Amino acid sequence: MKIDRIHSLDVQIDRARELQLELAERLVLEGGPKIERLRIVAGCDVAFDSAGKRAFGALVLLSFPELELLELVRGEAPLRFPYIPGYLSFREMEVLLGLFEGLKTVPDAVFADGQGIAHPRGLGLASHLGLFLGLPTIGCAKSRLVGTYREPGQNRGDSSPLFYRERPVGTVLRTRANTKPIFVSPGHLISVENAAALALAVGGRFRVPEPTRSADRLVSEFKRETIQRGLV
DNA sequence: GCGACAG
DNA sequence: ATCTTGTCGC
Ligand SMILES: [Mg+2]
C-alpha cells in the first residue's frame, strides 16, 4: 500500500517532541471497525541487532476470526534514534513503514507492540503509526508507560480503565487467567472501548494478542536467519 | 533534584 | 529490546 510520509522521522528529540504535540491533535478517537465486519487484521513488531545498528521488522496480515496467516512482509533499516521512553515511534517506525509499503492488501485494523494514546503527549507508537497509515490502529503494550489503574480481576476478559491526567486513555486487560494483564489503548480511528474489545477478540490462549505475537516470533526468526547468513 | 520509564 | 540455561508453576 501507498504511505503518506506526513513528516520526516530523521529528527532530534526536541523536534520529535514538537511533532508529538501537534500530531496528537489530529487523532480521531471514536468508533472503529465493528467486530462483526472485521475481516483482516495486521500485526507488526521490531527486533534489533545486539550492536544497536539495525532494526528488523515483521508485518503479518491475519484473517478474522480464523487468525490464519494471509500475508507476511519482513525487512530491515538502519537505526537512527536511541530508545528513550516516550519516543519509541521515532526508533521503530522507519522499518515499519517500509513493511507497509510492501503490503498488497489493506487491513481493517493494525495492532502495534506499544502504547496508543496512553502516552505523555498522547502520541504513542500506535497513534503515530495510525496517522501515517490513515488506518485504525490499536496499541497493545506489555507494560505501563503512564497512567493509573486498579488491578483487574483474574479471569480472561476482566479489565479496568487506565487513567492519565484524570482522563480514560486505555484499558488494562487480562487476556489470560492468572497472568499479568496487557495495556490496550487506541492509536487512531478507534475508541477506547472498541480497542479493548478488538484486542480481546484477536487473542487466543496466549497473553499477547495473536497479530502482535505472530509478528514478534516472525521478526525474531528473520533477525536470527539474517545475522547467521552474515548479510550486511 | 529524584524517581518512573512502551520496546 | 538484548545478553542467556535452567527452573518453577499452571
Ligand atoms: Mg516489540
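Please read all numbers here as calculations on a predicted model, not as lab measurements. Lettering follows sequence order; numbering is per chain, from 1.
Checked for salt-bridge contact, A/Glu151 and A/Arg174 meet the test: a charged N lies under 4.0 Å from a carboxylate O. Ion pairing between A/Glu66 and A/Arg39 fails under the 4.0 Å rule for side-chain N and carboxylate O.
Here A/Tyr83 lies parallel enough and close enough to stack on the base of B/dG7, with planes under 30° and ring centres under 5.5 Å apart.
The CZ atom of A/Phe81 sits 15 Å away from the P atom of B/dA6 (whole-angstrom rounding). With rounding to whole Å, A/Lys180 atom NZ is found 18 Å from C/dC10 atom C1'. Atom CG in A/Leu162 sits roughly 13 Å away from atom P in B/dC5 (whole-Å rounding). Atom CZ of A/Arg213 is separated from atom C1' of B/dG7 by 18 Å (rounded to the nearest Å). Following rounding to the nearest Å, A/Arg165 (CZ) and B/dA4 (P) show an atom-to-atom distance of 19 Å. Look at CD on A/Glu94: it is 21 Å from P on B/dG7, rounded to the nearest Å. Rounded to a whole Å, the CD atom of A/Gln115 is 5 Å from the C1' atom of B/dA6. In this structure, A/His119 atom NE2 and B/dA4 atom C1' are separated by 14 Å, rounded to whole Å.
A/Arg91 forms no cation-pi arrangement with A/Tyr83, by the criterion of a distance under 6.0 Å to the ring centre and an angle within 45° of the ring axis.
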Report task. Could you please spell out the steps behind the side-chain contact (heavy atoms from CB on, under 4.5 Å) verdict for A/Leu131 and A/Leu123? Result -> CA-CA 10 Å; A/Leu131 288 175; A/Leu123 197 88; 3.8 Å; yes
**Report entry** Evaluation steps, side-chain contact (heavy atoms from CB on, under 4.5 Å), between A/Phe100 and A/Leu129
**Finding:** CA-CA 10 Å; A/Phe100 278 93; A/Leu129 184 61; 4.3 Å; yes
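In terms of phosphate contacts, A/Ser143 brings no side-chain nitrogen or oxygen within less than 4.0 Å of OP1 or OP2 of B/dC5. OP1 or OP2 of B/dG7 has not a single side-chain nitrogen or oxygen of A/Arg91 nearer than 4.0 Å.
Using a 4.0 Å heavy-atom cutoff across all strands shown, A/Tyr87 reaches at least one base atom of the nucleic acid. Note on A/Gly139: nothing from the nucleic acid sits closer than 4.0 angstrom, heavy atoms only.
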Between protein and nucleotides 1-5 of chain C, what N or O pairs are separated by less than 3.5 Å?
residue	atom	partner	partner atom	Å
C/dA1	OP2	A/Lys142	NZ	3.4
C/dT2	OP1	A/Lys223	NZ	3.2

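Side chain of A/Ser127 to backbone of A/Leu125: no donor-acceptor contact under 3.5 angstrom is found.
Sequence neighbours left out, the pairs with a member in residues 101-154 of chain A that pass ring pair (Phe, Tyr, Trp, His ring centres under 6.0 Å) are A/His7-A/His128, A/His7-A/Phe132, A/Phe90-A/His128, A/His128-A/Phe132, A/Tyr149-A/Phe183.
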